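All values below come from the heavy atoms of this structure, side chains included, with hydrogens, waters and symmetry mates left out. All of these numbers come straight from a predicted model, not from anything done at the bench.
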Amino acid sequence: MTHTVTPSTIQLAAQFDALHTARAHSTLPARLYSMAMGDDYPEEVAPDSSCDWPLLELMATRLRMHPRQFLVDVGCGTGGIGLWLARALAVRLEGLDISSAAIEQATARRVHFAVPATFRVAGLENTGLPDGGAHGVVCVDALSFAPNRGAALRELGRILAPGARLVFTRAVRQEIVSRVMV
């Protein structure tokens, strides 16, 4: 599959680069999430979304992965969610995001979680991963940003091994609600 980088994809990547760069220099977003979520805020994970402890635990359960299997975190941002899941499930992780700034930060965070993990720039519609190689895929609040959601879902299905699971959330902007779907 050939991946065409469109001007809108370049613009979106630049916006996320700016967001992740700004967040790296401010504790305000994490403090606001912590205040809003209270004890449910996973400070170690430092998610850039509405991910909390109950959601992390639900994702870990729904993925049904075994030690040493391969987890892909698509739209991984700064990597906290995938790194936490990889450690909790004792699996290998590859995180993908369109933001090079996020990938740089995620790569730096690997040491803290001490899990086998790699991170690289890639989009939802073209992961560059082989057919059927992922034992689990997680995608937290990133699907809404895919230029073609149908193509993104087909790509995520393509990389799943037989019997593997895709767990994703989708932020609904008007209601500010995340739903977990398996």
Residue pair V74 / V72: nearest heavy atoms and the distance that separates them: CG2-CG1, 3.6 Å
Residue pair L56 / P42, side-chain heavy-atom distance below 4.5 Å: yes
Hydrophobic clusters here meaning ILVMFWY residues chained together by side-chain heavy-atom distances under 4.5 Å, can you tell me if Y33 and I81 are in one? no
Heavy atoms, side chains only, cut-off 4.5 Å: are P147 and T9 in contact? yes
Between R109 and L83, is the side chain to side chain contact (heavy atoms under 4.5 Å, CB included) condition met? List the steps. CA-CA 8 Å; R109 296 180 74 192; L83 288 164; 3.8 Å; yes
Once rounded to the nearest 0.5 Å, what's the spacing between atom CG of L28 and atom CG of L32? 4.0 Å
May I ask you to check whether over 12 heavy atoms, not counting those of D39, lie within 6.0 Å of atom CG? no
Nearest atoms (heavy-atom pairs only) where W53 meets Y41: NE1-O, 3.4 Å
With A106 via side chain to side chain contact (heavy atoms under 4.5 Å, CB included) - residues at least two apart: F119
Kindly say whether D141 contributes a backbone atom to a donor-acceptor pair with the side chain of T169 at under 3.5 angstrom? yes
Euclidean distance, C51 SG relative to L58 CG, rounded to 0.5 Å: 10.0 Å
Side chain D97, main chain G77, donor-acceptor under 3.5 Å: yes
State whether the side chain of E155 and the backbone N or O of T127 hold a donor-acceptor pair below 3.5 Å, judged by distance alone. yes
Below 4.5 Å, heavy atoms only, C-beta onward: do R120 and L96 meet side chain to side chain? yes
Between P130 and R158, what is the shortest heavy-atom contact and its length? C-NH1, 3.5 Å
Within a strict 4.5 Å, meaning less than it, do heavy atoms of the I103 and T107 side chains meet? yes
Would you say R64 has more than 12 foreign heavy atoms packed within less than 6.0 Å of its CZ? no
Could you grab the distance from atom CZ of R110 to atom OG1 of T118, nearest 0.5 Å is fine? 7.5 Å
Would you please test L93 and L85 for side chain to side chain contact (heavy atoms under 4.5 Å, CB included) and show each step? CA-CA 9 Å; L93 171 69; L85 287 168; over 6 Å; no
Return the CG to CD distance between L153 and E125, rounded to the nearest 0.5 Å. 10.0 Å
Check: V137 and L71 side chains under 4.5 Å, non-hydrogen atoms: no
So, does R92 use its side chain to make a donor-acceptor pair with the main chain of P116 at under 3.5 Å? no
Backbone N or O of G82 within a donor-acceptor pair of the D73 side chain at under 3.5 Å? yes
Which heavy atom of G136 sits nearest to which heavy atom of A164, and what is that distance? N-CB, 4.3 Å
Main chain of V138, side chain of R165: is a donor-acceptor contact present, judged purely on distance under 3.5 Å? no
Point-to-point distance, once rounded to the nearest 0.5 Å, from CG of L124 to CZ of R154: 13.0 Å
Exam field: side chain Q105 to backbone H20, donor-acceptor pair closer than 3.5 Å: yes
Is there a path from L55 to M37 through hydrophobic residues (I, L, V, M, F, W, Y) whose side chains come within less than 4.5 Å of each other? no
Any non-hydrogen side-chain atom of H66 less than 4.5 Å from a side-chain atom of Q69? yes
Are R149 and S144 close enough that some pair of their side-chain heavy atoms sits under 4.5 Å apart? yes
Can you check whether I98 reaches D17 side chain to side chain, under 4.5 Å on heavy atoms? no
Residues which pass ring-ring contact (aromatic ring centres under 6.0 Å, His included) with F16, listed by chain and number, not counting sequence neighbours: F145
Kindly indicate, with the supporting measurements, whether the criterion salt bridge (Lys or Arg N to Asp or Glu O under 4.0 Å) is fulfilled by E44 and R87. CA-CA 12 Å; E44 173 189 37; R87 186 178 62 199; 2.8 Å; yes
Any chance you could measure E94, atom CD, to L129, atom CG, to the nearest 0.5 Å? 5.0 Å
